[in-house]
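The block underneath contains the structure these notes are about, expressed in structure tokens.
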Number of protein chains: 2
Amino acid sequence: MSACKRIFADLGQINNCREIIKKNQQSFSELSQVVALAGNEVRLKILFILDQEHELCPCDLSDILEMTIPAISQHLHKLKNGSVIQSRKSGQTIFYSVCPSHLHLLKPLFSIIKNQSATIRV
Amino acid sequence: MSACKRIFADLGQINNCREIIKKNQQSFSELSQVVALAGNEVRLKILFILDQEHELCPCDLSDILEMTIPAISQHLHKLKNGSVIQSRKSGQTIFYSVCPSHLHLLKPLFSIIKNQSATIRV
DNA sequence: TCATTATTTAAGCAATTGCTTAAATACGTA
DNA sequence: TACGTATTTAAGCAATTGCTTAAATAATGA
């Protein structure tokens, strides 16, 4: 059960932490999935500009990020699968946008980018 | 240069986005690295309890998360390598804690866990 | 000095990731 | 209907990830 044989381990603290982890297991699992999606540089850029421009099609994103359409499409698929973005069809083009439900998680990340952008110019 | 041959593409919008992405390239790269570290479920848990308990040793974390010491140690190594956590040596035990410089990024994530935890009981 | 404890490091390996190219769908229009 | 455009899907593959076990370091105390 115990990894080390130290005497000074605070058993109460350890058991308390273990319970907190267990109680929030599902939250950790769900949150880490979304954070992992945002942890890819290309996907972070996609989310950032989708938020800024409100909605864009795979074609636009391909032009902006200078990547192939399938590469973009596969990233969009992952993001949609994780309910981070949503899509709207108009003719044969599909417009993607950030799901409002995850914005509270993403906005702080976007702020960091924007703040650093403001600092560079000083 | 252009991925599709659509007529209705907003060239100005695309070029503007492209410039913003380029200007913030380094920010995107650095931020995505940290977010990717937090996007692993085990590491997210480590960061959460390190923040809550202020500091813990690999041995404690191994007990709490019920994982082997080397597995924990390797996660800690990545986190330290990314400057997300720092360490303090006391005898033969090493205490890890979250770097204050990255807390503004992590706190919103922790809040999500805590809020969900509060909601469960209602 | 030697044995014990806490931790890291290394090697191996199965699973996942993110691209590539090529083929398949879906929609609009002549 | 057939063709062109926008997008997705599939297969292949090199690179990365995250664990495992075993060995190497480092610090403490007998």
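Not measured: the values here are computed from a predicted model. To find a chain, count down the sequence lines: A is the first, B the second, and so on, and within it residues start at 1.
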Practice item. Would you kindly confirm whether B:Tyr96 and B:Ile69 end up in one hydrophobic cluster when ILVMFWY residues are joined by side chain heavy atoms under 4.5 Å apart? Key: no

Point to revise | A:Asp63 with B:Arg18: basic N within carboxylate O range, under 4.0 Å | key: no

Point to revise | Salt-bridge contact B:Glu19-B:Lys23 (side-chain N to carboxylate O under 4.0 Å) | key: no

Whole Å only: how far is the [atom1] atom of [X] from the [atom2] atom of [N]?
X       : N      : atom1 : atom2 : value
A:Arg88 : D:dA6  : CZ    : C1'   : 15 Å
A:Leu65 : C:dG18 : CG    : P     : 14 Å
B:Asp63 : C:dA6  : CG    : C1'   : 12 Å
B:His77 : D:dT17 : NE2   : C1'   : 15 Å
A:Leu79 : C:dG18 : CG    : C1'   : 13 Å
A:Ile94 : D:dT9  : CD1   : P     : 9 Å
A:Ile85 : D:dT7  : CD1   : P     : 13 Å
A:Phe95 : D:dT8  : CZ    : P     : 12 Å

Check your understanding: Do we see a donor-acceptor contact under 3.5 Å between the side chains of B:Gln25 and A:Glu41?
Key ->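 Their side chains do contain a donor-acceptor pair, which is all the 3.5 Å distance test asks for.
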
Tell me if a side-chain donor or acceptor on [X] pairs with a main-chain N or O of [Y] at a distance below 3.5 Å.
X        : Y        : answer
A:Ser117 : A:Ile113 : no
B:Ser62  : B:Pro58  : no
B:His54  : B:Ser97  : no

Could you please name the option among [options] that lies closest to any side-chain atom of [X]?
X       : options              : result
B:Ala71 : D:dT9, D:dC19, C:dT8 : D:dC19
B:Lys5  : D:dT21, C:dT9, D:dT5 : D:dT5
B:Lys78 : D:dT8, D:dG18, C:dT8 : D:dG18

On the nucleotide [N], are OP1 or OP2 found under 4.0 Å from the side-chain N or O atoms that [X] carries?
X       : N      : answer
B:Ser73 : C:dT7  : no
A:Thr68 : C:dT20 : yes
A:Tyr96 : D:dA6  : no

Nearest 0.5 Å, please: how far is [atom2] in [Y] from [atom1] in [X]?
X        : Y        : atom1 : atom2 : result
A:His102 : A:Ser83  : NE2   : OG    : 6.5 Å
B:Ser27  : A:Leu109 : OG    : CG    : 12.5 Å
A:Ser87  : A:Ile94  : OG    : CD1   : 6.0 Å
B:Ile72  : B:Leu56  : CD1   : CG    : 10.5 Å

Pairs under 3.5 Å (N/O, protein and nucleotides 10-12 of chain D):
unit_1, atom_1, unit_2, atom_2, d
D:dA10, N6, A:Gln74, NE2, 3.0

Review point. Just checking A:Thr93: base, sugar-phosphate only, or nothing, at a heavy-atom cut-off of under 4.0 Å?
Key: sugar-phosphate

Check your understanding: Contact class for B:Ile69 (heavy atom, under 4.0 Å): base, sugar-phosphate, or nothing?
Key ->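 Counting heavy atoms under 4.0 Å across all strands, the contact made by B:Ile69 includes a base.
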
Practice item. For DNA chain C, find the residues of residues 31-53 of chain A with a heavy-atom distance under 4.0 Å and give them by number; none if there aren't any. Key: A:Asn40, A:Val42, A:Arg43

Practice item. Summarise protein proximity over nucleotides 25-30 of chain C in one line of letters, 5' to 3': B for base, S for sugar-phosphate only, - for none, counting protein heavy atoms closer than 4.0 Å. Key: -SBS--

Review point. Pick one: which of B:Leu79, B:Ile46, B:Asp51 meets side chain to side chain contact (heavy atoms under 4.5 Å, CB included) with B:Val98?
Key: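 Going through the options one by one, the only one that passes is B:Asp51.
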
